[in-house]
> 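Sending over a structure as structure tokens; questions will come in a sec.
Computed from a predicted model, the values in this text were never measured in an experiment.
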Amino acid sequence: MLDMHTMQWRSLDEMMGGLRPPENCCLEQLSRDSVVQVTALLGKWYPDIRVGTESRHLEPAFYEQCVCVQGESPDRPVYAILGRDRDTQEVIGLLTLEKNARGLQLSAAMGAVEPSQRGLGLGQFGISLLEQVGRNIGAEVVLYYSTLKMARAQRNAEHRGFKLVGLVPAFDVDAIAPNTVKRVYEAIYAKVLVGPEKIHLPDWNALIPTTRALYTHLFGQHPAAATLEHRNGVSVPASAPVPISAPEAHHG
């Protein structure tokens, strides 16, 4: 049975664990009083948010039902972090994190930065914050979904040690031009926060040639395939069968 305290939101300082934001920025948990202001700002900063999954961030009901704001239930699945300019105290960003307590997963639901603040390190910091919060609340894997509209988001994930594990066609709906909305590709990045002893590799014999090829491309040679190659002293293609007796392997 799931421990009700698993992946419980805590104070922002506790979850950050000493991680420091960029010099010009200070962070706080979103308060109920700031919701109306933030939703208005999001629409200005990020017009494309009006369609697709992220559009829920414009709806008051989302914050009422799903978001853990200051002084309210830590059991809600989404935690909202507000960024302010350290000097002016103006709101300059919002990051929402979403937990799946049963799967011990944490993902970034959305990150938005005021246009004049882009390129100054907040996006990179947001990915570091995603990982740090995940570690401090007991997540075992963190996931980051990246738009393919710009290279910066993809580079930020890779620079923080996240691994590209897939491109999903038609993943979400987005405004690609004025008055034009289509389904778009997105990239999925992952970072595993537990050791290899907690991870079970797929059975090589259960993988068809296409999934074997993708596994090898993403993660390198499967230990069972390497064992067979060493045993036979020959190069074995990804689609070659592996004896059922191949040893179970673990991977981190």
> Mark yes or no for whether Q29, through its side chain, and C68, through its backbone, hold a donor-acceptor pair below 3.5 Å.
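Flag set: sc Q29 to bb C68 pair under 3.5 Å.
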> Within the 4.5 Å heavy-atom criterion, are M16 and P21 side-chain neighbours or not?
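Contact flag for M16/P21 side chains = yes.
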> Run the side chain to side chain contact (heavy atoms under 4.5 Å, CB included) test on S128 and L19 for me, step by step, so that the C-alpha distance in whole Å, both residues' side-chain angles and the decisive distance to 0.1 Å come before the verdict.
CA-CA 8 Å; S128 296; L19 189 66; 4.2 Å; yes
> Return yes if a side-chain donor-acceptor contact under 3.5 Å exists between H57 and T96, otherwise no.
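There is such a pair (donor and acceptor under 3.5 Å, judged by atom type) between the side chains of H57 and T96.
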> Determine the sole option in L143, V141, N100, L130 for which the side chain to side chain contact (heavy atoms under 4.5 Å, CB included) test with L106 is passed.
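Going through the options one by one, the only one that passes is L130.
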> Are Q105 and K99 packed together at the side-chain level, in the sense that at least one heavy-atom pair is separated by less than 4.5 angstrom?
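No, their side chains stay 4.5 Å or more apart.
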> For E23, is the CD atom crowded, meaning more than 12 foreign heavy atoms sit under 6.0 Å from it?
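At most 12 heavy atoms, drawn from other residues, nucleotides or ligands, come within 6.0 Å of this atom.
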> With sequence neighbours left out, what residues match E59 under side-chain hydrogen bond (donor to acceptor under 3.5 Å, both in side chains)?
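With neighbours one apart ignored, the set is empty.
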> Please examine the side chains of L201 and H222, heavy atoms only from C-beta on, and report whether any two atoms are closer than 4.5 Å.
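Side chain of H222 against side chain of L201, heavy atoms only: contact under 4.5 Å found.
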> With sequence neighbours excluded, tell me which residues meet side-chain hydrogen bond (donor to acceptor under 3.5 Å, both in side chains) with K149.
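K149 satisfies side-chain hydrogen bond (donor to acceptor under 3.5 Å, both in side chains) with D48, D174 only.
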> Other hydrophobic cluster members with Y46, side-chain heavy atoms of Ile/Leu/Val/Met/Phe/Trp/Tyr under 4.5 Å, chained?
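The other cluster members (ILVMFWY side chains, heavy atoms under 4.5 Å, direct or chained) are L30, V35, V38, L41, L42, W45, I49, L58, F62, Y63, V67, V69, V78, L82, V91, L94, M110.
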> Quick one: salt bridge (charged side-chain N to carboxylate O under 4.0 Å, His left out) partners of E72, sequence neighbours excluded?
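Checked E72 against salt bridge (charged side-chain N to carboxylate O under 4.0 Å, His left out); matches are R32, R76.
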> Could you go through the side chain to side chain contact (heavy atoms under 4.5 Å, CB included) check for Y189 and Q154 one step at a time?
CA-CA 9 Å; Y189 290 84; Q154 301 156 54; 3.3 Å; yes
> Test question: given the 4.5 Å side-chain rule for I, L, V, M, F, W and Y, name all other residues clustered with V173, or answer none.
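Members alongside V173: V51, V181.
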> Could you check whether any side-chain heavy atom of L122 comes within less than 4.5 Å of a side-chain heavy atom of C25, counting everything from C-beta outward?
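L122 vs C25: side chains touch.
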> Using the side-chain hydrogen bond (donor to acceptor under 3.5 Å, both in side chains) criterion, which residues pair with Y144? Sequence neighbours excluded.
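For Y144 there are no side-chain hydrogen bond (donor to acceptor under 3.5 Å, both in side chains) partners, ignoring immediate neighbours.
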> Excluding sequence neighbours, so at least two apart, what forms side-chain hydrogen bond (donor to acceptor under 3.5 Å, both in side chains) with T180?
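Here no residue qualifies.
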> Assess whether salt bridge (charged side-chain N to carboxylate O under 4.0 Å, His left out) is satisfied between R56 and E98, documenting all intermediate values.
CA-CA 13 Å; R56 61 183 177 158; E98 189 161 12; 2.7 Å; yes
> Does R84 come within less than 4.0 Å of E90, counting only side-chain N to carboxylate O?
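Salt bridge flag = no for E90 with R84.
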> What residues form a side-chain contact (heavy atoms from CB on, under 4.5 Å) with D13, not counting sequence neighbours?
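For D13 the side-chain contact (heavy atoms from CB on, under 4.5 Å) partners, ignoring immediate neighbours, are S11.
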> Given F162 and I127, is the side chain to side chain contact (heavy atoms under 4.5 Å, CB included) satisfied, shown in steps?
CA-CA 9 Å; F162 281 67; I127 298 174; 3.5 Å; yes
> Output all residues satisfying side-chain contact (heavy atoms from CB on, under 4.5 Å) with T211, sequence neighbours left out; order by chain, then residue number.
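Partners of T211 under the side-chain contact (heavy atoms from CB on, under 4.5 Å) test: L207, I208.
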> Can you list every pair that meets salt bridge (Lys or Arg N to Asp or Glu O under 4.0 Å) and has a residue in residues 150-170, with sequence neighbours left out?
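Listed once each, the pairs would be none.
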> Tell me, please, which residues at least two apart from L167 pass side-chain contact (heavy atoms from CB on, under 4.5 Å).
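If we apply the side-chain contact (heavy atoms from CB on, under 4.5 Å) test to L167, skipping adjacent residues, the hits are L148, L164, A187.
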> State, without any angle test, whether N24 and Q117 hold a side-chain donor-acceptor pair at a distance under 3.5 Å.
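Looking only at side-chain atoms, Q117 and N24 do form a donor-acceptor pair, the distance falling under 3.5 Å.
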> Look at the side chain of R50 and the backbone N and O of S55, then say whether any donor-acceptor pair between them is shorter than 3.5 Å.
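Not confirmed, R50 side chain does not pair with S55 backbone.
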> What residues, two or more places apart in sequence or in another chain, satisfy salt bridge (charged side-chain N to carboxylate O under 4.0 Å, His left out) together with K182?
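Partners of K182 by the salt bridge (charged side-chain N to carboxylate O under 4.0 Å, His left out) criterion come out as none, since no residue qualifies.
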> Could you walk me through whether F219 and V165 pass the side chain to side chain contact (heavy atoms under 4.5 Å, CB included) check?
CA-CA 9 Å; F219 306 114; V165 294; 4.2 Å; yes
